[in-house]
Peer 1: 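Okay, here's the structure, questions in a sec.
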Amino acid sequence: MSLINTFIQNAVDKLPLGGKVALKIIPNQVPCVVLEHILNKVFVIELKEDEFDFLTDKWLELTVSDLESSWFISHQNIQGQSSLIVKPHGRSDVVFKGDFNSFVLMASQKADPDTLFFNRKLLLKGDTELGLEIKSLLENLDRETLPKMGINLLNWHSDQILLFSNNK
């Protein structure tokens, strides 16, 4: 393996560890605000079309195991303004749990969520019906709504995950 490939593989392997350290240092509210902003940008069309109404008064706990972090996500509609909200703590109706790279593969659509669940890379606990509604929304996400740079970074990272997981 070339030096550059070794460097890239180490960077991909160590990214979750770096994220874990960063999340321990920064205040809990910072990643919540960032994640909330990203989710509301990514799902702007779905929010306008009231596709998240099923999540009103319900909570998704998104747990990234190797980051040792969880976020609690819900939907609110205040005076006709539909948005997703993210909190650092709370109760959950459904839990999606997996490692960072599994979520990257799912977000990039390089891995089928059902396959990830079947292979126990992603776990679903709690209200299964609610979880399936969320999974369906994620599967049907039009990635063209994402910023081009975000798509490119997601694709590159998922390609590296797949490349190096095949070489192990």
Peer 1: Check whether any side-chain N or O of Asn119 sits under 3.5 Å from a backbone N or O of Lys121 as a donor-acceptor pair, and report yes or no.
Peer 2: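 Checked: no pair found.
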
Peer 1: Which atom names give the shortest non-hydrogen contact between Gln109 and Glu139, and what distance separates them?
Peer 2: NE2-O, 3.7 Å

Peer 1: Please check if the number of heavy atoms outside Lys135 that lie under 6.0 Å from its NZ is greater than 12.
Peer 2: yes

Peer 1: Verify, without hydrogens or angle tests, whether Ser136 (side chain) and Leu132 (backbone) share a donor-acceptor contact under 3.5 angstrom.
Peer 2: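 Checked: no pair found.
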
Peer 1: Taking 4.0 angstrom as the limit, do Lys97 and Asp99 come out as a salt bridge?
Peer 2: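 Asp99 and Lys97: not salt-bridged.
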
Peer 1: Over all heavy atoms of both residues, which pair between Trp59 and Lys87 is shortest? Give the atoms and the distance, please.
Peer 2: CH2-CG, 3.9 Å

Peer 1: Indicate the atoms forming the closest heavy-atom contact of Ser92 with Phe72, along with that distance.
Peer 2: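 That closest heavy-atom pairing would be CB-CE2, 4.1 Å.
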
Peer 1: Which of parallel (below 30°), tilted (30 to 60°) and perpendicular (above 60°) describes Phe52 and His75?
Peer 2: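 The arrangement is parallel - the two ring planes meet at less than 30°.
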
Peer 1: Determine whether a donor-acceptor pair (N or O, by modelled atom type, separation under 3.5 Å) exists between the side chain of Ser69 and the backbone of Val64.
Peer 2: no

Peer 1: More than 12 heavy atoms of other residues, nucleotides or ligands under 6.0 Å from CZ of Arg91: is that the case?
Peer 2: yes

Peer 1: Quick one: does any side-chain atom of Ser108 pair with a main-chain N or O of Val104 as donor and acceptor, under 3.5 Å?
Peer 2: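 Yes, Ser108 side chain to Val104 backbone: donor-acceptor pair under 3.5 Å.
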
Peer 1: Measure the spacing between CG of Asn40 and CG of Leu35 and express it to the nearest 0.5 Å.
Peer 2: 9.5 Å

Peer 1: Using 0.5 Å steps for rounding, measure from the CH2 atom of Trp156 to the CG atom of Leu163.
Peer 2: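 The distance works out to 10.0 Å.
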
Peer 1: Leu105 and side chain to side chain contact (heavy atoms under 4.5 Å, CB included): which partner among Asp112, Ile161, Thr115?
Peer 2: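 Among Asp112, Ile161, Thr115, the one meeting side chain to side chain contact (heavy atoms under 4.5 Å, CB included) with Leu105 is Ile161.
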
Peer 1: Can you tell me which residue pairs pass the ring pair (Phe, Tyr, Trp, His ring centres under 6.0 Å) test with a partner in residues 3-28, sequence neighbours excluded?
Peer 2: none

Peer 1: Can you give me the closest heavy-atom contact between Ile26 and Pro31, atom names plus distance?
Peer 2: CD1-CD, 3.8 Å

Peer 1: With no hydrogens and no angle check, is any side-chain donor or acceptor of Gln76 less than 3.5 Å from a backbone partner on Ser83?
Peer 2: no

Peer 1: Which atom pair, heavy atoms only, marks the closest approach of Phe103 to Phe96?
Peer 2: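 Smallest heavy-atom distance, with atoms named: CZ-O, 4.2 Å.
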
Peer 1: Distance-only, no hydrogens or angles: does the Ser74 side chain make a donor-acceptor pair with backbone N or O of Leu55 under 3.5 Å?
Peer 2: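 Such a contact is found between Ser74 side chain and Leu55 backbone.
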
Peer 1: Which atoms form the tightest heavy-atom contact between Val86 and Gln29, and what is the distance?
Peer 2: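 Reported closest heavy-atom pair: O-NE2, 4.5 Å.
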
Peer 1: May I ask you to decide if Asp93's main-chain N or O and Asp127's side chain share a donor-acceptor pair within less than 3.5 Å?
Peer 2: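 No; judged by distance alone, with no hydrogens or angles, the pair does not exist.
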
